[in-house]
Number of protein chains: 2
Amino acid sequence: MDYNKSVQETKASVRLADQGDERPPGEMVVKFTDTPVDKPSGKVNIREVARQAGVSTATVSMVLNENPRISRATQLKVQRMIERMGYQPNRLAQSLSSRYTQVIAVLLPPLRHALADAYFGEIISGIADRAGKLGQKMIIEQAKPQFIKESKHIELYERRYVDGVLALGFNEKHAFLRDFAGRQYPMILVDNRFGGNILDCLHCDYRGGAEQAMNFLLQLGHRVIGMIYAAPESPTARDVTEVYARRLREAGIAPLQSWMSDGCFTDEGGAAAAGELISRHPEMTALLCGNDKMALGAIRYLVEHGHRVPQDVSVIGFDDLQHLAYANPSLTTVHLPLYELGVLACGRLVELIHGKTDRVYEVLPTHLVLRESTGIVPHRD
Amino acid sequence: MDYNKSVQETKASVRLADQGDERPPGEMVVKFTDTPVDKPSGKVNIREVARQAGVSTATVSMVLNENPRISRATQLKVQRMIERMGYQPNRLAQSLSSRYTQVIAVLLPPLRHALADAYFGEIISGIADRAGKLGQKMIIEQAKPQFIKESKHIELYERRYVDGVLALGFNEKHAFLRDFAGRQYPMILVDNRFGGNILDCLHCDYRGGAEQAMNFLLQLGHRVIGMIYAAPESPTARDVTEVYARRLREAGIAPLQSWMSDGCFTDEGGAAAAGELISRHPEMTALLCGNDKMALGAIRYLVEHGHRVPQDVSVIGFDDLQHLAYANPSLTTVHLPLYELGVLACGRLVELIHGKTDRVYEVLPTHLVLRESTGIVPHRD
DNA sequence: CCAAACAGTTAAACTGATTTAACAGAAGAG
DNA sequence: CTCTTCTGTTAAATCAGTTTAACTGTTTGG
């Protein structure tokens with residue numbers, strides 16, 4: 001039957017007038033007006049497009065979604081009409097009826113200014129670029145205690161805000177991550193791993209980076225090497241301290257517990273830790289730092305207290321943040337491919353969302369970048 | 001319809017149970033006592049809640065939206081049921097029928113790693129915090145050329161992705177901003193203004209900051225003061241150069257065009273510009289820089305080429321980025337209240353979205369932060 | 001030549017909320 | 001003892017899409 005013929009010319013008022021008489025459900029009633037084909041005023045929706053193109057909304061929807069069951073002729077006809085009317089599908093309606101919101105969330109720890117942190121910024125940059133290419137929008141959310149307490153991380157899915165989450169800067173202490181163990185809600189833990197391999201995750205090769213850094217310091221002749229670590233509950237952070245201790249022992253050096261100090265991943269913490277280590281062990285000639293910020297703080301402390309870097313003390317960081325190449329002295333550091341990590345994480349997450357079931361676990365290679373903050377061990381009498 | 005039936009089956013509604021229908025009570029009991037009130041399986045939607053609570057979906061919706069027309073008794077009854085069933089309204093459906101998506105977008109310029117930039121990060125941090133408190137989600141979008149060409153910035157509204165946009169890091173060169181002049185789409189230009197006051201905007205008091213910086217340098221005895229600027233198409237950036245030139249003239253100094261160089265807002269650019277200025281004018285004793293990054297680059301160049309900072313050359317930046325207090329030397333800089341700017345911008349945007357019509361235009365106070373990169377003019381023979 | 005397979009399209013049933021006009025019942029006014 | 005007003009609640013329309021079963025024609029196979 002021709003669709004056009006089945007259309008009845010009915011006005012809204014008419015329709016209301018005869019609503020009493022139990023129309024058979026099969027009969028379709030469509031408003032039909034004699035307006036010109038183009039209707040510049042008012043919002044265009046799929047029904048309007050369908051009417052003007054002389055097809056059903058199902059057809060328009062299928063054209064929109066490139067369903068192969070639509071013939072080339074119909075496809076062109078509808079596409080032209082979409083073009084002419086400047087129609088753009090309402091994505092709320094699309095998401096409501098399809099299974100996907102096309103939005104992912106980036107979850108950050110509740111640090112004061114997490115977004116101003118170059119470490120997170122670099123990863124998010126990668127995520128954003130990839131998300132854009134995959135047609136995903138990205139929302140950013142900070143996991144404040146209140147947020148977790150109210151299970152807002154699950155609400156993100158349940159209320160259909162997002163299809164998936166990328167969690168940055170969390171570790172095994174963050175118990176809420178266990179809510180994702182069932183894989184009911186697509187989530188990838190970025191730049192860390194989780195005990196028992198119960199979560200999908202991706203991280204940089206901190207172990208390899210630490211290995212390179214320690215080899216370099218040992219080659220330069222350093223023996224009394226301190227370590228400014230942070231977040232011992234983080235597996236990747238522990239990787240660094242483990243390699244640090246192992247390489248020292250392998251070099252015939254017995255590291256003391258007092259060679260290590262917690263710098264809390266901050267500049268202030270790094271400075272304080274450096275102060276502690278140097279006053280405990282004035283003979284210390286090198287410091288391995290868990291991130292660039294702490295390294296910066298450490299250098300700041302050392303220089304302020306009359307130790308030259310690198311002539312008296314060498315310092316190595318982790319991260320390779322952009323502008324620290326411009327610090328004075330510029331920082332020798334382990335380069336972490338944070339941008340690439342973001343890109344990869346986003347891609348993998350979208351795969352998970354679309355039903356891929358393989359456990360995500362990848363480790364991205366790192367390498368040492370030599371700059372000015374390291375030098376050969378000073379000769380002392 | 002089935003709604004009425006379900007009302008009768010509900011024990012809670014005693015009032016309704018004995019109304020007109022004259023059914024034998026046995027029948028009602030038999031029918032539905034085997035269905036527990038809680039239905040753990042399957043998604044709960046508003047219809048399910050309404051049925052279990054013995055009310056209509058309209059009532060549940062009104063309870064959800066705290067409509068005062070609902071009686072206290074009904075409100076409590078429904079709220080308890082919502083609690084019991086763990087119901088959470090689908091926000092896609094809510095947004096589809098209400099006028100609001102409860103999402104705002106942060107639009108960033110197409111810089112390589114804009115998100116890793118502390119300047120943007122600080123503002124976004126403020127936006128995120130405020131947005132969270134106002135129940136808004138925040139999506140982040142980079143305005144690549146392709147994005148603008150395809151009018152995706154308008155699509156954000158038309159396809160109901162967002163209710164409003166905060167534009168960061170744009171200036172008068174960015175023609176797409178004119179699309180917002182009609183105020184049809186709520187948008188606030190953050191940390192800049194736009195010719196003819198045709199856009200809502202908020203920015204820091206660059207003029208006042210520049211004034212303080214110049215006064216300080218002049219007080220220290222500096223006469224030959226260079227300026228590393230950037231983005232001359234940006235009104236707020238021009239504020240700084242204008243004040244720079246004016247204050248010099250007011251101090252009886254005639255600044256040359258060659259005292260200024262473009263540093264492109266980057267470390268590299270700052271270093272290059274410093275090199276240019278110092279080689280053109282070896283007698284230069286101070287540099288005013290348009291942002292902290294360029295100041296950092298400039299210091300780096302100077303130190304590398306045997307100029308001591310601040311003994312030979314003083315350097316002042318703009319921004320007051322967190323970690324530059326830990327640089328060596330630490331940076332004297334004009335503090336911009338970027339976090340607060342973000343907080344305010346978000347608040348104002350939400351007001352616009354909710355129909356406020358006053359033109360937004362505010363200027364936030366700035367102040368000079370004294371650190372180590374500035375000192376009195378060196379004595380030369 | 002008839003039945004089965006196939007291609008293209010549509011009607012109708014979803015998705016899950018909000019909103020408005022209508023309505024029933026109680027209270028207050030005359 | 002009516003008539004009006006006020007309150008609280010509901011039915012039904014609406015937002016704007018997707019999806020599926022069913023329904024035409026048209027080929028193709030036996």
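Here is the naming used below: chain letters follow the sequence lines, and residue numbers restart at 1 for every chain. Because the structure is a prediction, the values reported are computed rather than measured.
For Ser71(A), whose side chain is taken as the heavy atoms from C-beta onward, the closest listed nucleotide among dA17(C), dA16(D), dG8(C) is dG8(C). Among the nucleotides dT18(D), dT10(C), dG16(C), the one closest to any side-chain atom of Leu96(B) is dG16(C). Checking dT20(C), dG17(D), dA17(C) against every side-chain atom of Asn90(B), the shortest atom distance belongs to dA17(C). Of the candidates dA16(D), dG16(C), dT20(C), dT20(C) carries the atom nearest the Met62(B) side chain, counting heavy atoms from C-beta on. Of all nucleotides listed (dT10(C), dA16(D), dT19(C)), dT19(C) comes nearest to the side chain of Ser61(B). Across dG17(D), dG8(C), dT10(D), the shortest atom-to-atom separation from the side chain of Ser97(A) is found for dG17(D). Closest to the side chain of Val55(A), out of dA16(D), dT10(C), dT18(D), is dT10(C). Checking dA11(C), dT10(D), dG17(D) against the side-chain heavy atoms of Pro89(A) singles out dG17(D) as nearest. Considering only the side chain of Ala58(A), dT20(D) comes nearest among dT20(D), dG17(D), dA17(C).
No side-chain N or O of Arg130(A) forms a donor-acceptor pair with one of Gln136(A) less than 3.5 Å apart.
Note on Thr59(A): a side-chain N or O is less than 4.0 Å away from OP1 or OP2 of dT10(C). For dT15(C), neither phosphate oxygen OP1 nor OP2 lies less than 4.0 angstrom from any side-chain nitrogen or oxygen of Tyr100(A). Between Asn45(B) and dT15(C), a side-chain N or O to OP1/OP2 separation shorter than 4.0 Å is absent.
Across the protein-nucleic acid pair, Arg91(A) atom CZ and dG17(D) atom C1' stand 12 Å apart, rounded to whole Å. Rounded to whole Å, the distance from CD on Gln94(B) to P on dT14(D) is 21 Å. The separation between Leu92(A) atom CG and dT18(D) atom C1' is 15 Å, rounded to whole Å. A straight line from CZ of Arg99(B) to C1' of dA17(C) spans 17 Å, rounded to a whole angstrom. One atom, OH of Tyr161(B), and another, P of dA16(D), lie 16 Å apart when rounded to the nearest Å. Note: CZ (Arg160(A)) to P (dC15(D)) measures 22 Å, nearest angstrom. The distance from atom CG of Asn67(B) to atom P of dG8(D) is 10 Å, rounded to the nearest whole Å. Atom pair Glu66(A):CD and dT18(D):P shows a separation of 12 Å (rounding to whole Å applied).
Electrostatic pairing of Lys137(B) and Glu141(A) counts as a salt bridge here, judged by a charged N lying under 4.0 Å from a carboxylate O. The existence of a salt bridge linking Glu351(B) and Arg348(B) is confirmed by a sub-4.0 Å separation between a basic side-chain nitrogen and an acidic carboxylate oxygen.
Remark on DNA chain C: of its neighbouring residues Ala73(A) and Arg47(A), the 5'-side contact belongs to Ala73(A), judged by nearest-heavy-atom nucleotide.
No side-chain heavy atom of Asn45(B) sits under 4.5 Å from any side-chain heavy atom of Thr57(B).
From Met85(B), atom CE reaches atom CD1 of Ile82(B) across 10.0 Å, with rounding to the nearest 0.5 Å.
Between Tyr185(B) and His153(B), the gap from one ring centroid to the other reaches at least 6.0 Å.
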